[in-house]
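Everything on this sheet refers to the single structure shown next.
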2 protein chains.
Amino acid sequence: MSAKKVLVVDDEASIREMLRLALEISEFECLEAADIHEAYRLITDESPDMVLLDWMLPGGSGIELLRRLKKEEATQALPVIMLTAKTHEDNVVQGLEVGADDYITKPFAPKELIARMKAILRRSSSEEAGSELRVGELVLEIDSRRVMLSERALEMGPTEFKLLHFFMSHPERAYSRAQLLDRVWGANVYVEERTVDVHIRRLRKALQAGDPIYADLIQTVRGTGYRFSPRDLAVA
Amino acid sequence: MSAKKVLVVDDEASIREMLRLALEISEFECLEAADIHEAYRLITDESPDMVLLDWMLPGGSGIELLRRLKKEEATQALPVIMLTAKTHEDNVVQGLEVGADDYITKPFAPKELIARMKAILRRSSSEEAGSELRVGELVLEIDSRRVMLSERALEMGPTEFKLLHFFMSHPERAYSRAQLLDRVWGANVYVEERTVDVHIRRLRKALQAGDPIYADLIQTVRGTGYRFSPRDLAVA
DNA sequence: CAGTAATGTGACATTCACGTGACAGCCTGC
DNA sequence: GCAGGCTGTCACGTGAATGTCACATTACTG
């Protein structure tokens, strides 16, 4: 994998310097911009893989840039992490609503930032893989929001679809109920953990209706949670 | 989730005391060391989940310990937060280069320290993902929570999995039943020491089901406890 | 070689996690 | 309004996992 380009947008030179250091240690290529105008130029000229964006910037707050990026087709998919000194929930919510992929409050540990960046890059690179996910005869069509099994459509609710989508994007890995709630239902939603069980049940039922073998794709990991395992399908 | 063990390394008793207080309020288990030698002993004996390390220490500065920890395979992944009174960029950079996960300058708010600790633990526990432990044909897949032996999955309960995980992370070393209870079951859990024997038995049985040779990986050290010894596998 | 302490092992009761069906509230569209 | 799909929660049943014991077996001691 070639080095990823990261654009740092912050008006304080010392912070840019610190980030450059941290990024280069982790083998990212680093671009810097001190204001929105410069940032926008670099984005179009250099097409970085990710943007680290300060909330407060001269010549317009960072969120304006974010809004602009998300409005334009070409830059919509560009991952953005907001950097903010503020901890108020409002800002976080506002940032995420406009489309930031993550936010991190100053001061932060460089390593944590790097970790989040990697997580986001991993996600975005695996998600652009076509508009459908496939496991054996099972095909999840993201755009049409349909699931096909051996040419026949499977019936399932929106939650089961999202759950299956998540599982198919993250195979061979056990997730706790809490993690699933977080990733599928979304954070700051409170529902009982056992609710996951019920939706797992519904999803299994839907898969089973298509082909009994495929229900075994979703395995229970006792004491932990669930796992989607195409690997064991071939064996069976 | 069992309480995380944190080792505090500082020569000033008052600071250790303060940290112990803060940590215990936040439900961390706290170990203390006043010098590098003691710190190193505790790290190998108690294998804490994280180290808070003072920069200036008698008998060698903290950074020397850090360097040592990062050089050795067994302790490389152990998260370290540097505590320092100095604010010079140099030190920070030096600390991060050697591999500290974060640094924090005195005086600091306990709350901030705790917050950073949690952030780092969250990361390290999820970053352990993707990795796997391997001994010969035996592969412990951490993120999928499975144990494979010669491509076939082994059946075992959660406790046996944790036990094996611990053993594979700490090979060639004998542990007493008390130590195993502490590490695998978690501190402040009271069960009979002989219970360990039973789970050892179950684990051996699971390994044996895969390949009889592999049951010998777990050796009895009479009068002491048990040892996981891949070394003797090749010999046999 | 007997005696004793330490460990192996099978069985068992209990606890606990999970599967499952039922149901009430909530939307949405008719 | 009501019909129907979707959701979250609960209660109940079941089987797995756990901890403990009793007894068998093995290793040390003198």
Side-chain angles (χ1 to χ4, degrees), chain A residues 145-147 153-166 174-182 184-209 212 215-229, chain B residues 1-2 145-147 153-166 174-209 212 214-229:
Chain A
R145 220 194 131 285
R146 255 193 311 194
V147 181
L154 293 185
E155 305 254 336
M156 65 180 69
T159 306
E160 285 71 41
F161 182 85
K162 273 187 276 184
L163 192 56
L164 182 58
H165 183 189
F166 177 74
Y175 291 93
S176 69
R177 293 170 174 73
Q179 287 174 314
L180 290 172
L181 282 178
D182 201 48
V184 177
W185 275 251
N188 49 25
V189 174
Y190 183 67
V191 289
E192 290 293 322
E193 291 206 341
R194 290 299 307 275
T195 299
V196 174
D197 297 28
V198 179
H199 285 276
I200 289 281
R201 152 93 175 134
R202 290 169 181 158
L203 178 52
R204 278 175 174 159
K205 215 171 191 174
L207 291 173
Q208 191 155 40
D216 301 339
L217 279 172
I218 296 163
Q219 302 171 343
T220 303
V221 184
R222 208 152 241 274
T224 300
Y226 298 95
R227 169 181 52 210
F228 181 81
S229 178
Chain B
M1 175 80 63
S2 62
R145 227 179 160 76
R146 265 193 297 205
V147 181
L154 292 185
E155 304 252 338
M156 66 180 70
T159 306
E160 285 72 41
F161 183 88
K162 275 186 273 184
L163 193 55
L164 182 59
H165 184 187
F166 177 76
Y175 290 94
S176 71
R177 293 172 174 73
Q179 285 174 314
L180 290 172
L181 282 178
D182 200 44
R183 292 304 158 51
V184 178
W185 275 252
N188 47 24
V189 175
Y190 183 68
V191 288
E192 290 294 322
E193 291 207 341
R194 291 299 309 277
T195 299
V196 174
D197 297 27
V198 179
H199 284 276
I200 289 281
R201 151 93 175 135
R202 289 170 181 158
L203 179 51
R204 279 175 174 158
K205 214 172 191 175
L207 291 173
Q208 192 155 40
Y214 282 77
D216 302 338
L217 279 171
I218 296 163
Q219 302 170 342
T220 305
V221 184
R222 207 175 172 79
T224 302
Y226 298 93
R227 171 183 48 211
F228 182 81
S229 178

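In what follows, chains are A, B, ... by sequence order, proteins preceding strands, each numbered from 1.
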Atom CG of B:Leu181 and atom P of D:dT20 are separated, to the nearest Å, by 9 Å

Can you tell me if the side-chain N/O atoms of A:Thr220 get under 4.0 Å from OP1 or OP2 in C:dA17?
no

Can you check nucleotides 23-26 of chain D for protein contacts, nitrogen or oxygen pairs under 3.5 Å, and list what you find?
none

Scanning both residues in full, the closest heavy-atom pair of B:Ala178 with B:Glu193 reads CB-OE2, 3.5 Å

* To do: Verify the neighbour count for atom CD of B:Gln219: are there more than 12 heavy atoms of other residues, nucleotides or ligands below 6.0 Å?
  => yes

**Prompt:** Under 4.0 angstrom, heavy atoms only, what part of the nucleic acid is B:Val196 near: base, sugar-phosphate, or nothing?
**Reply:** nothing

Rounded to whole Å, CZ of B:Phe161 lies from C1' of D:dT18 at a distance of 18 Å

Sequence neighbours excluded, the answer for side chain to side chain donor-acceptor pair (under 3.5 Å) partners of B:Thr224 is none

Separation of C:dT7 atom C1' from B:Ile200 atom CD1, nearest Å, is 11 Å

| request: Establish, with yes or no, whether the OP1 or OP2 oxygen of C:dG19 is under 4.0 angstrom from a side-chain nitrogen or oxygen of A:Tyr226. | output: yes

Atom CD of A:Gln219 and atom C1' of C:dG19 are separated, to the nearest Å, by 16 Å

Which pairs, protein N/O on one side and nucleotides 3-8 of chain D N/O on the other, fall under 3.5 Å?
residue, atom, partner, partner atom, Å
D:dT7, OP1, A:Thr159, N, 3.0
D:dT7, OP1, A:Thr159, OG1, 2.3
D:dT7, OP2, A:Glu160, OE1, 3.2
D:dG8, OP1, A:Trp185, NE1, 3.2
D:dG8, OP2, A:Trp185, NE1, 3.3
D:dG8, OP2, A:His199, NE2, 2.7
D:dG8, O6, A:Arg202, NH2, 2.6

Distance alone, cut at 3.5 Å: any donor-acceptor contact between the side chains of A:Ser229 and B:Arg146? yes

Test side-chain contact (heavy atoms from CB on, under 4.5 Å), reference B:Val196, set B:Thr159, B:Leu163, B:Leu180, output is B:Leu180

In whole angstroms, the gap separating C1' of C:dC18 from CD1 of A:Ile218 amounts to 15 Å

Side-chain heavy atoms of B:Tyr226 within contact of B:Asp197, under 4.5 Å
yes

Between CG of A:Asp197 and P of D:dA11 the distance, given in whole Å, is 15 Å

From NZ of A:Lys205 across to C1' of C:dG19 the rounded distance in Å is 11 Å

